[in-house]
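A short write-up of the structure that comes next.
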Amino acid sequence: MRDDGTLDDPCAPSSPTTDTEDGTSTERTTAATRLRAYARDLTGRRRAQLALATGVVCCLGLTAVVQVRNEDADAATRSASLSSSELAQRAEQQRASRSLDRTVAPSVSASAQPAPASPADPDTSAPARKVAPARPTDPAPVAGLDEDQMENAEAIVRAGRKMGVPRRGLVIAVATAMQESNLYNVASGVLPESQDYPHQGVGWDHDSVGLFQQRSSSGWGPVGQLMDPEFATRQFLSALEQVPGWQRMRLTDAAQAVQVSAYPEHYQQHEWRATRVVDAIVPAGR
């Protein structure tokens with residue numbers, strides 16, 4: 001039994017209260033409850049605000065995405081239209097370039113180009129260039145001759161062909177020069193004048209000079225001209241053509257009729273070599 005005088009008081013509280021300087025425990029409980037309620041209300045508001053802010057941000061982001069997509073679509077559309085334009089322009093350029101390929105020059109239109117000249121109307125704006133005939137190649141020496149001898153044989157053949165002498169006359173002339181001078185253009189030691197002209201040796205058979213050892217003193221011609229192989233050949237062949245039936249004679253007889261040599265049979269030994277030389281210079285059929 002308590003001695004604070006509350007035992008018999010019917011109006012006394014069922015549980016004692018303790019007073020503190022902060023108020024009773026009931027008051028503290030009520031304040032705490034209210035604080036928790038305010039906190040919950042504040043938290044709910046913040047959550048609502050946060051949700052609202054999040055929703056706004058999402059809406060703005062979605063709007064931005066839609067705008068970007070729209071811009072991308074517009075850009076793609078412009079790019080597609082630009083590409084179509086570029087393709088059309090390139091196709092036009094290609095058609096133009098193909099048409100230019102068919103013209104003579106890009107700066108001249110097809111209608112302005114001159115018509116090609118017909119065979120009946122030849123172009124006389126520029127004179128035709130004359131092409132010099134190719135010079136025949138000198139044949140290589142044959143029949144044991146050297147180059148100087150072969151060149152002298154060619155001079156004899158050329159002179160005879162200019163005169164229209166038959167092939168038989170060319171063979172006789174070459175064989176005669178083989179016997180008289182060994183096919184060298186020889187000057188005379190007796191005639192110093194003859195040595196003033198191109199020569200390939202000096203002989204001592206009186207005043208005989210040149211390929212055919214012709215004598216100026218016998219009426220064959222001036223010394224200077226007799227030292228010219230072409231002139232000497234013409235003198236010999238002109239005399240040969242004056243011999244009746246020379247083409248049917250033996251070579252040595254025809255040569256002797258012109259030369260009047262002390263050794264008439266010596267010309268015959270050169271016939272085969274002279275024939276081979278002439279064939280090398282003037283092939284058969286020419």
### Flag for Gln214-Gln235: side-chain donor and acceptor within less than 3.5 Å
no
### Query
Considering residues at least two apart in sequence or located in another chain, which fulfil the ring-ring contact (aromatic ring centres under 6.0 Å, His included) criterion with Tyr267?
none
### Query
Roughly how far apart are Ser181 OG and His199 NE2, rounded to 0.5 Å?
13.5 Å
### Task
Nearest 0.5 Å please: distance from the CZ atom of Arg276 over to the CG atom of Asp279.
10.0 Å
### Query
Looking at CH2 of Trp220 and CZ of Phe231, how far apart are the two atoms once the value is rounded to the nearest 0.5 Å?
10.0 Å
### Query
If you look at every heavy atom in Asn185 and Gly210, which pair is closest and at what distance?
OD1-CA, 3.3 Å
### For Arg168, side chain to side chain donor-acceptor pair (under 3.5 Å) partners two or more places apart
Glu271
### Query
Given side chains that start at C-beta, do those of Glu151 and Asp138 come closer than 4.5 Å, heavy atoms only?
no
### Task
Determine, stepwise, if the pair Asp146 / Gln149 fulfils side-chain contact (heavy atoms from CB on, under 4.5 Å).
CA-CA 5 Å; Asp146 60 24; Gln149 292 172 307; 3.2 Å; yes
Side-chain donor-acceptor pairs under 3.5 Å in residues 248-256, sequence neighbours left out?
residue, atom, partner, partner atom, Å
Arg250, NE, Asp253, OD2, 3.1
Arg250, NH2, Asp253, OD1, 3.2
Arg250, NH2, Glu265, OE2, 3.1
Thr252, OG1, Pro264, O, 2.3
Gln256, OE1, Ser261, N, 2.9
Gln256, NE2, Ser261, O, 2.9

### Task
Apply ring-ring contact (aromatic ring centres under 6.0 Å, His included) to His206 and list each qualifying residue two or more places apart in sequence or on a separate chain.
none
### Task
Check which hydrophobic residues are tied to Trp272 through side-chain heavy-atom contacts below 4.5 Å, counting indirect links as well, and list them.
none
### Message
Going by salt bridge (charged side-chain N to carboxylate O under 4.0 Å, His left out), name the pairs with one or both residues in residues 233-243, residues two or more places apart or in two chains.
### Response
Glu230-Arg234
### Message
Restricting to non-hydrogen atoms, name the atom on Pro139 and the atom on Met150 that form the minimum distance, rounded to 0.1 Å.
### Response
CG-CE, 4.0 Å
### Task
Could you state whether Val190 and Val186 fall into the same hydrophobic cluster, counting links through intermediate Ile, Leu, Val, Met, Phe, Trp or Tyr residues with side-chain heavy atoms under 4.5 angstrom apart?
no
### Query
What's the verdict on side-chain contact (heavy atoms from CB on, under 4.5 Å) for Ser216 and Val209, showing C-alpha distance, side-chain angles and the deciding distance?
CA-CA 8 Å; Ser216 177; Val209 296; over 6 Å; no
### Summary
dist Gln179:CD -> Gln213:CD (nearest 0.5 Å) comes out at 11.0 Å
#### Entry: Point-to-point distance, once rounded to the nearest 0.5 Å, from CD of Glu154 to CZ of Arg161
12.0 Å
### Message
Between Ser238 and Met163, is the side-chain contact (heavy atoms from CB on, under 4.5 Å) condition met? List the steps.
### Response
CA-CA 9 Å; Ser238 295; Met163 295 173 63; 3.6 Å; yes
### With Val165, the side chain to side chain contact (heavy atoms under 4.5 Å, CB included) member among Leu237, Leu240, Thr233
Leu237
### Message
Assigning hydrophobic clusters by single linkage (Ile, Leu, Val, Met, Phe, Trp, Tyr; side-chain heavy-atom cutoff under 4.5 Å), is Val243 placed with Val171?
### Response
yes
### Query
How far apart are the closest heavy atoms of Ser188 and Val202, and which atoms are they?
C-CG1, 3.9 Å
### Query
Is Met178 reachable from Phe212 through a run of hydrophobic residues whose side-chain heavy atoms are each under 4.5 Å from the next?
yes
### Task
Could you tell me the separation between the OH atom of Tyr184 and the CG atom of Asn152, rounded to the nearest 0.5 Å?
9.0 Å
### Message
Ignoring hydrogens, what is the shortest heavy-atom contact between Ala187 and Gln195? Give both atom names and the distance.
### Response
CB-CG, 3.9 Å
### Message
If the test is side chain to side chain contact (heavy atoms under 4.5 Å, CB included), which one of Val157, Ile156, Ile172 qualifies with Val278?
### Response
Val157
### Message
Just so I know, are the side chains of Asp205 and Arg215 near enough to count as touching, which here means a heavy-atom distance under 4.5 Å?
### Response
no
